[in-house]
Amino acid sequence: MNIYLKRFLQRGLVFGGFGPIIAGIVYYIISLSAPTFALDGKEVLVGIVSSYVLAFLQAGASVFNQIEHWSLARSLFCHFSLYYIAYVTCYLVNAWIPFSWDALLIFTGVFVGGYALVWIIVYLCARHTGKKLNEKL
């Protein structure tokens, strides 16, 4: 088995369980703040499964950054694509956003903006840390 696929699966399996735990906590907090909040069995099942899949993919997707023979652009494209497809599918399946072009366009804009902001911050922090380490050498 490809070493990167193996790492992807291992990370996903190790950290995937955190998604349903977080979903349960969110459902509990919502129930405390909204006394009439209720979910049927299908909604709970879909929420748990989709949050597991999201956590699994997020944990596994970190392997894209470790494939040394890939360019940074290719790594970011694969990482972004996996996240975007997973999130938009999850949000539509759970009916957290309506299936309309306007909602998808807004979701895409917010997702791209948030993703870009996080990666710019990560890049700047890594660059700063690299400079500090190089100065110590």
Side-chain angles (χ1 to χ4, degrees):
M1 179 183 293
N2 182 327
I3 189 168
Y4 299 113
L5 178 59
K6 185 177 177 182
R7 285 182 189 163
F8 184 98
L9 295 173
Q10 285 174 334
R11 291 174 186 175
L13 289 172
V14 168
F15 295 104
F18 290 112
I21 292 169
I22 293 169
I25 292 169
V26 168
Y27 290 156
Y28 178 69
I29 291 170
I30 292 172
S31 72
L32 291 177
S33 62
T36 59
F37 176 75
L39 295 174
D40 63 28
K42 179 184 173 189
E43 291 170 323
V44 171
L45 178 63
V46 171
I48 289 171
V49 170
S50 62
S51 62
Y52 179 85
V53 169
L54 282 178
F56 178 91
L57 293 174
Q58 287 175 345
S62 64
V63 79
F64 292 134
N65 301 319
Q66 296 176 337
I67 303 175
E68 294 178 8
H69 60 276
W70 279 13
S71 67
L72 179 60
R74 182 177 181 186
S75 176
L76 281 174
F77 176 77
C78 289
H79 191 265
F80 173 84
S81 297
L82 179 67
Y83 271 34
Y84 179 78
I85 291 167
Y87 271 92
V88 78
T89 302
C90 177
Y91 275 53
L92 290 171
V93 166
N94 284 290
W96 294 339
I97 59 170
F99 187 71
S100 72
W101 291 112
D102 292 342
L104 286 174
L105 187 61
I106 292 168
F107 175 84
T108 300
V110 170
F111 187 87
V112 168
Y115 188 90
L117 179 65
V118 168
W119 274 101
I120 288 169
I121 291 169
V122 167
Y123 173 76
L124 292 175
C125 289
R127 193 172 82 179
H128 178 72
T129 302
K131 282 183 181 181
K132 289 266 191 192
L133 290 173
N134 284 333
E135 288 173 2
K136 289 183 180 182
L137 293 175

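By the 30° and 60° cut-offs, the orientation of the rings of F111 relative to F107 is parallel.
Grouping the Ile, Leu, Val, Met, Phe, Trp and Tyr side chains by contacts below 4.5 angstrom, directly or via other members, places V112 apart from L105. By the rule that hydrophobic residues join a cluster once side-chain heavy atoms approach within less than 4.5 Å of another member, V122 and L117 end up as members of separate clusters. Linking Ile, Leu, Val, Met, Phe, Trp and Tyr whenever their side-chain heavy atoms come within less than 4.5 Å leaves Y91 and I30 in two separate clusters. Cluster membership for I48 and I22, using ILVMFWY side-chain heavy atoms within less than 4.5 angstrom, is shared. Y83 and F77 fall into different hydrophobic clusters, where Ile, Leu, Val, Met, Phe, Trp and Tyr side chains are chained together by heavy-atom contacts under 4.5 Å.
Separating the OG1 atom in T129 from the CG atom in L124 is a distance of 10.5 Å, to the nearest 0.5 Å. Rounding to the nearest 0.5 angstrom, the gap separating the CG atom in L9 from the OH atom in Y4 is 15.0 Å. Atom NZ of K6 is separated from atom CD of Q10 by 5.5 Å, given to the nearest 0.5 angstrom. Summarising the geometry, atom SG belonging to C125 is positioned 12.0 Å from atom CD1 belonging to I120; distances are rounded to the nearest 0.5 Å. Of the inter-residue distances, the one linking H128 atom NE2 with L133 atom CG reads 10.0 Å to the nearest 0.5 angstrom. Rounding to the nearest 0.5 Å places CH2 of W96 at 4.0 Å from SG of C90.
When all heavy atoms of E43 and Y27 are compared, the pair lying nearest together is O-OH, 3.9 Å. Residues G12 and F56 approach most closely at C-CD1, 3.1 Å, considering heavy atoms. Here the closest non-hydrogen pair linking P98 and L92 is O-CD2, 3.9 Å. In terms of heavy-atom proximity, A86 sits nearest to L57 at CB-CD1, 3.6 Å.
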Inset, instruction - Apply side-chain contact (heavy atoms from CB on, under 4.5 Å) to L137 and N134, showing your working. - result: CA-CA 5 Å; L137 293 175; N134 284 333; 4.0 Å; yes
Inset, instruction - Please test F8 against L82 for side-chain contact (heavy atoms from CB on, under 4.5 Å), starting from the C-alpha separation and ending with a verdict. - result: CA-CA 12 Å; F8 184 98; L82 179 67; 4.0 Å; yes
Donor-acceptor list for residues 62-72 side chains, cut-off 3.5 Å, not counting sequence neighbours:
unit_1: S62; atom_1: OG; unit_2: R11; atom_2: NH1; d: 2.8
unit_1: S62; atom_1: OG; unit_2: A59; atom_2: O; d: 3.0
unit_1: N65; atom_1: OD1; unit_2: S75; atom_2: OG; d: 3.1
unit_1: Q66; atom_1: OE1; unit_2: R11; atom_2: NH1; d: 3.3
unit_1: Q66; atom_1: OE1; unit_2: R11; atom_2: NH2; d: 2.7
unit_1: S71; atom_1: OG; unit_2: R74; atom_2: N; d: 3.1

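Think of Y28 as one node in a network of Ile, Leu, Val, Met, Phe, Trp and Tyr side chains linked at under 4.5 Å; its network also takes in L32. When hydrophobic side chains of Ile, Leu, Val, Met, Phe, Trp and Tyr are connected at separations under 4.5 Å, V93 ends up clustered with V46.
The side-chain hydrogen bond (donor to acceptor under 3.5 Å, both in side chains) search around Y87 returns Q58, not counting sequence neighbours. Y84 pairs by the side-chain hydrogen bond (donor to acceptor under 3.5 Å, both in side chains) definition with T108, not counting sequence neighbours. Legend: residues meeting side-chain contact (heavy atoms from CB on, under 4.5 Å) with A116, ordered by chain and number and at least two apart, are absent.
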